[in-house]
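Read through the structure below, which is laid out as C-alpha cells, and then see the notes.
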Amino acid sequence: MASVFLYHVVGDLTVGKPELVEFAETETVEAAIRAIGESTEGGIAVWKKRSQKNVIENAEMRQQRFVGILNSLDIVAFLAKDECLADQDKAMKTPVAEVVVPNNSLLKEVDPATRLIDALEMMKQGVKRLLVPKSRGWRVVSKRFSVIYNGKWLKNLDTSGASNANSAASLNRPSSSSTTTIRDKICCLSREDVLRFLIGCLGALAPLPLTPISSLGAINLNYCHIATTQPAIDATRMLPQDLSAVAVVEPASDGQHKIIGEISACKLWKCDYLAAAWALANLSAGQFVMGVEDNITSRSIANLSTSPVAEDSNLANGGSATRPRKFSSRNIGFLSSGTSPSFGASRSMYRGRSAPLTCKTTSSLAAVMAQMLSHRATHVWVTDVENEEILAGVVGYTDILAAVMRQPATTVPEARTA
C-alpha cells in the first residue's frame, strides 16, 4: 500500500475548502441550473430543510436530511417531457424535489481524522460526496497518527482501551460523540477533490501512475451505449448508477462500436437547458451530439424560449419569442464544424465539446487522471490503440480509485545457486 494512504487523513483535503451551502429540495429547477453551473462534477447535493434550526444536528440527523444528487442530465431529461415542453415557464418553477432521484447512499459524513484509505474505499463503494466537519478543536493530523496497530487498520482511533500512542492521537481531535456539539462548519469533498489531491502525490504512488490503464484493469467494459439512429431520449432510460454518461456509437464491421459522441451530465454542464431538452426529445442521438445546422421550423422549436443560463439577444431587444429559430450544436453548448448529418464521416470533423474525451488502452493512469481534471470530466472513453474510433471501454472515478488502491504485484527473487 502506498505511503500516501498511510500518512494522510481526510482533514488534509479540507484545507481551503469553503463551508457547505445546502441546496434545499424546495428550490426551483431554475435555481438548480444556476447552482449546477458553479458545482463540481456537474451536480449538486439536494437537502431537506431542517425542521428545528436551533437544534444541533449530529451525523445521523444530517444524513437523513440528504435527498440525493441532482445533475445537469437529470434536469435536461425532466425538461424534455411533453408537459414541460408545452409549458416551459411552469417547468422551470418546479421544485427540484420532483426532479432529483432519491439516493441517500451517495453522501456520507466522516470525521476529519478518517484515514484517506478508508475514504477511498467508501468512494469505491459508490459514495460521491463526503461531509467533513471543520471544528475549531481539530488540527491537521500529522503522519505519526496514521498508523497500523498489530497489522490491522485502526478504526478512526476511537477504540476504548487503546495504547498510549493511540490515546495521544485521540487527544488531538474530538471524539465522535463530542464533535456534534462543537462543530460549527462543514465542508463537502467530491471525488474530483480526491483525484486532485492524488495527482499531487504521483511520486508516492509509483510505479502505478506510469502504468497503462489496461495493465491496471482500470478499463470498465460494461459501458452504456446508444446507436446514432435511436432517439436521443432513450439515453436517459439506460444511465448507469455511477456514470451519468451514455456513448453514442455506430456499429463496426466486427461487432465493435465506433464512438461518435456522448450524452452525459458533464457535456451538458453549462448548456442552454431548454434548447438541449427540445433536442433530446425530438432528435436522434447522432443529431443530438453533432448539432443540426439546418433550419427547423416545427412548432416545438418555434416556441422554444430562453433559459436563465443562456440569454437570447432577440428577446432582450424586444423581439418575438415565436420566431422560428435555428437549432445548432451551439445552442446546447456543443460546437461542430460540419453541417451534414451523415454519421459515417470521420470523427476528425468534430470539434469542441461535441467530441468525446478519449484516451487509448495504452494511456498511463497519470495521463487519464490529468485529462479528467483538466476537462472537469467524470470519465474518459477508452479507444483501441490501433483505431481511435473503436470504443474499448470507459474509465471513471471509481475505476481510478480502485487502480490506485490495488496492491502492486510483488516480484519473487530468484534463488541463488551456489
Straight-line distance of [X] [atom1] to [Y] [atom2], nearest 0.5 Å:
X: Arg50; Y: Met61; atom1: CZ; atom2: CE; value: 7.0 Å
X: His8; Y: Thr114; atom1: NE2; atom2: OG1; value: 15.5 Å
X: Leu280; Y: Asp234; atom1: CG; atom2: CG; value: 9.5 Å
X: Leu401; Y: Lys124; atom1: CG; atom2: NZ; value: 8.5 Å
X: Leu107; Y: Met122; atom1: CG; atom2: CE; value: 11.0 Å
X: Ile75; Y: Cys84; atom1: CD1; atom2: SG; value: 11.5 Å

Salt bridge flag under 4.0 Å for residues Lys48 and Glu25: no
Salt bridge present between Glu57 and Arg65 (N-O < 4.0 angstrom): yes
Which pairs would a plain distance check flag for residues 188-198, meaning a side-chain donor or acceptor within less than 3.5 Å of a matching protein atom at least two apart in sequence or in another chain?
residue : atom : partner : partner atom : Å
Ser190  : OG   : Thr40   : OG1          : 3.4
Ser190  : OG   : Glu192  : N            : 3.4
Ser190  : OG   : Asp193  : N            : 3.4
Ser190  : OG   : Asp193  : OD2          : 3.2
Arg191  : NE   : Glu41   : OE1          : 3.4
Arg191  : NH1  : Asp242  : OD1          : 2.8
Arg191  : NH2  : Glu41   : OE1          : 3.2
Glu192  : OE1  : Arg376  : NE           : 3.3
Glu192  : OE2  : Arg196  : NH2          : 3.0
Glu192  : OE2  : Arg376  : NE           : 2.8
Glu192  : OE2  : Arg376  : NH2          : 3.3
Asp193  : OD1  : Lys17   : NZ           : 3.4
Asp193  : OD2  : Lys17   : NZ           : 3.0
Asp193  : OD2  : Ser190  : N            : 2.9

Gln125 and Glu121 side chains, donor-acceptor separation under 3.5 Å: yes
By ring-ring contact (aromatic ring centres under 6.0 Å, His included) - contacts of Tyr397 (at least two apart):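 For Tyr397 there are no ring-ring contact (aromatic ring centres under 6.0 Å, His included) partners, ignoring immediate neighbours.
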List for me each residue that meets ring-ring contact (aromatic ring centres under 6.0 Å, His included) alongside Phe78, sequence neighbours excluded, and say none if there are none.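 By the ring-ring contact (aromatic ring centres under 6.0 Å, His included) rule, Phe78 matches no residue at all.
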State, to 0.1 Å, how close [X] and [Y] come at their nearest heavy-atom pair, and which atoms those are.
X: Ala276; Y: Leu268; value: CB-CD2, 4.2 Å
X: Pro18; Y: Cys187; value: O-CB, 3.4 Å
X: Gly43; Y: Arg129; value: O-NH2, 3.2 Å

Side chain to side chain, [X] and [Y], heavy atoms closer than 4.5 Å:
X: His379; Y: Asn220; answer: no
X: Pro112; Y: Val132; answer: yes
X: Tyr273; Y: Ile36; answer: yes
X: Tyr223; Y: Glu262; answer: no
X: Ile69; Y: Asn103; answer: no
X: Cys266; Y: His375; answer: no
X: Leu79; Y: Gln88; answer: no
X: Met405; Y: Ile117; answer: yes

Can Leu131 and Gln63 be said to form a side chain to side chain contact (heavy atoms under 4.5 Å, CB included), step by step? CA-CA 10 Å; Leu131 289 187; Gln63 185 74 39; over 6 Å; no
Under the 3.5 angstrom rule, does the side chain of Thr383 hit a backbone N or O of Cys359 as a donor-acceptor pair? yes
Please report the C-alpha distance between Trp278 and Leu283 in whole Å, then the side-chain angles of each, then the deciding distance to 0.1 Å, and finally whether the side chain to side chain contact (heavy atoms under 4.5 Å, CB included) criterion is met. CA-CA 8 Å; Trp278 183 92; Leu283 302 181; 4.0 Å; yes
Fit a plane to each ring of Phe66 and Trp47, take the angle between them on a 0 to 90° scale, and name the class: parallel (under 30°), tilted (30 to 60°) or perpendicular (over 60°).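 The rings of Phe66 and Trp47 stand perpendicular, inter-plane angle above 60°.
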